[in-house]
Amino acid sequence: MMSNYSLPLFMQVKENAVQDLNKNLSLYMPKLIHTKTLILTTDGLLQTLEKKVVVLLKQLLDFEIITVQESSFDFAVDVAKKVAMNNISLIIGLGGGTALDTAKYAAFVANVAYIAIPTTLSNDGVASPVSVLFAENGRKHSFTSKIPDGLLIDTDIVFDAPRLLMKAGVGDTISNYTALYDWKLGCEENSDRPNDFAYMLSETAFTSLLYSEAKSLTTVPGIQMLAQCHWS
């Protein structure tokens with residue numbers, strides 16, 4: 001569970017959310033509008049989401065795109081170096097965990113703004129302050145990272161994700177039920193102090209899903225509900 005918690009400056013969950021990038025930058029991060037931007041994505045996604053990508057790029061004056069082949073620690077650090085050496089002020093992650101984990105860790109190391117544009121909501125990783133990256137011996141490790149400064153969750157994009165991934169997102173939220181009991185037990189056994197605020201957020205996510213009026217993940221309200229559960 002998280003010990004330090006911060007909030008993004010904005011989170012849009014709606015149809016055509018990508019087209020509101022500049023609007024949100026103007027409102028919340030105006031100094032970044034005319035600065036250099038680095039977009040991290042995965043192979044083939046630019047072609048699959050061509051119309052959305054065109055809308056996104058039209059809002060940027062100076063940008064570069066990097067395709068992430070593997071979410072490795074070394075690659076993320078190399079990206080951070082590139083950002084620092086080239087006066088890049090904003091990183092945008094477009095994709096799933098491979099792109100987003102790399103983007104948010106690179107932004108954390110380089111100390112620049114980070115905006116996430118997820119293509120699926122299979123887990124709460126998009127909003128977590130942790131990046132899961134391949135490190136030594138090809139094994140995955142969790143690294144302290146940063147909460148996104150902004151999230152654009154375009155329901156048109158998320159609707160195209162495999163249904164299995166969406167169901168995984170529901171399962172990830174439901175797992176909070178037993179995880180919270182485990183956390184309490186661990187604190188009692190080890191005389192540790194629970195973080196009441198983080199506990200409340202996780203409990204709220206589960207409760208929001210359990211009592212939500214949205215009954216389908218094929219509707220905008222359903223996607224909004226799942227996104228809000230992942231953020232809680």
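A continuous path of Ile, Leu, Val, Met, Phe, Trp and Tyr side chains, each step under 4.5 Å between heavy atoms, connects I33 with L9, placing both in one hydrophobic cluster. Residues I92 and V109 fall into different hydrophobic clusters, defined by Ile, Leu, Val, Met, Phe, Trp and Tyr side chains chained together at heavy-atom separations under 4.5 Å. Criterion: ILVMFWY side-chain heavy atoms under 4.5 Å apart, direct or through other members. Under it, I88 and F108 are not part of a common hydrophobic cluster. Hydrophobic clustering (side-chain heavy atoms under 4.5 Å, transitive across Ile, Leu, Val, Met, Phe, Trp, Tyr) keeps L40 apart from V54. With hydrophobic clusters built from ILVMFWY side chains whose heavy atoms lie under 4.5 angstrom apart, M29 shares a cluster with L56.
With rounding to the nearest 0.5 Å, the separation of OG in S145 from CG in L133 is 8.0 Å. Atom CG in L61 sits 8.5 Å away from atom OG1 in T37 (nearest 0.5 Å). Rounded to the nearest 0.5 angstrom, I65 CD1 and I39 CD1 are separated by 4.5 Å. Separating the OH atom in Y28 from the CG atom in D149 is a distance of 13.5 Å, to the nearest 0.5 Å. How far OG of S71 is from CD of Q69: 11.5 Å, rounded to the nearest 0.5 Å. Atoms OG1 and CG, from T102 and D78 in turn, are 11.0 Å apart once rounded to the nearest 0.5 Å.
Residues L21 and L60 come closest through the heavy atom pair CD2-CD2, 3.8 Å. Shortest non-hydrogen contact noted between A113 and K146 is CA-NZ, 4.1 Å. The nearest pair of heavy atoms linking L90 to Y114 is CD1-N, 4.2 Å. Listed here is the closest heavy atom pair of A76 and A106: O-CB, 3.6 Å. Here the shortest heavy-atom pairing between V68 and A99 reads CG2-CA, 4.5 Å. Counting all heavy atoms, side chain and backbone alike, K52 lies closest to D156 at NZ-OD2, 2.9 Å.
Put simply, the side chain of I153 reaches to within 4.5 Å of the side chain of V158, judged on heavy atoms. Taking 4.5 Å as the limit, some side-chain heavy atom of P118 sits within range of a side-chain heavy atom of L100. By the 4.5 Å heavy-atom criterion applied to side chains, I115 and P148 are not counted as neighbours. Contact annotation: the side chain of V83 approaches that of I91 to within less than 4.5 Å [non-hydrogen atoms, C-beta and beyond]. Looking at F134 and E70, their side chains come closer than 4.5 Å, going by heavy atoms from C-beta outward. L151 is not listed as a side-chain neighbour of F10, based on a closest heavy-atom distance of 4.5 Å or more.
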Discussion item. Pair N87, T35 - check side chain to side chain contact (heavy atoms under 4.5 Å, CB included), show working.
Written reply: CA-CA 8 Å; N87 296 316; T35 57; over 6 Å; no
Worksheet entry | side chain to side chain contact (heavy atoms under 4.5 Å, CB included) between I117 and T41, worked out | CA-CA 10 Å; I117 305 177; T41 188; over 6 Å; no
Worksheet item: Taking it one step at a time, do T119 and L45 satisfy side chain to side chain contact (heavy atoms under 4.5 Å, CB included)?
Response: CA-CA 9 Å; T119 52; L45 199 56; 3.9 Å; yes
Worksheet item: Could you go step by step and tell me if E50 and V53 meet the side chain to side chain contact (heavy atoms under 4.5 Å, CB included) rule?
Response: CA-CA 5 Å; E50 183 178 1; V53 171; 5.7 Å; no
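Not one N or O on the side chain of S142 forms a donor-acceptor pair closer than 3.5 Å with the backbone of V130. In this structure, the side chain of Q59 engages the main chain of V55 through a donor-acceptor pair within 3.5 Å. No donor-acceptor pair closer than 3.5 Å links the side chain of D154 to the backbone N or O of E15.
N22 and K58 share no side-chain donor-acceptor pair at under 3.5 Å.
Look at E64 and K36 and you find no salt bridge, because none of the NZ, NE, NH1 or NH2 atoms lies under 4.0 Å from a carboxylate O. Salt-bridge annotation for D20 and K14: present, with a side-chain N of the basic residue lying under 4.0 Å from a carboxylate O of the acidic one.
Between F143 and F73, the ring planes are parallel. Angles under 30° get that label, and only those over 60° would be called perpendicular.
In N111, the CG atom is not crowded: 12 or fewer heavy atoms of neighbouring residues, nucleotides or ligands sit closer than 6.0 Å. Atom CD of Q47 has more than 12 neighbouring heavy atoms from other residues, nucleotides or ligands inside a 6.0 Å radius. Around the NE2 atom of H141, the shell of radius 6.0 Å holds more than 12 heavy atoms that belong to other residues, nucleotides or ligands.
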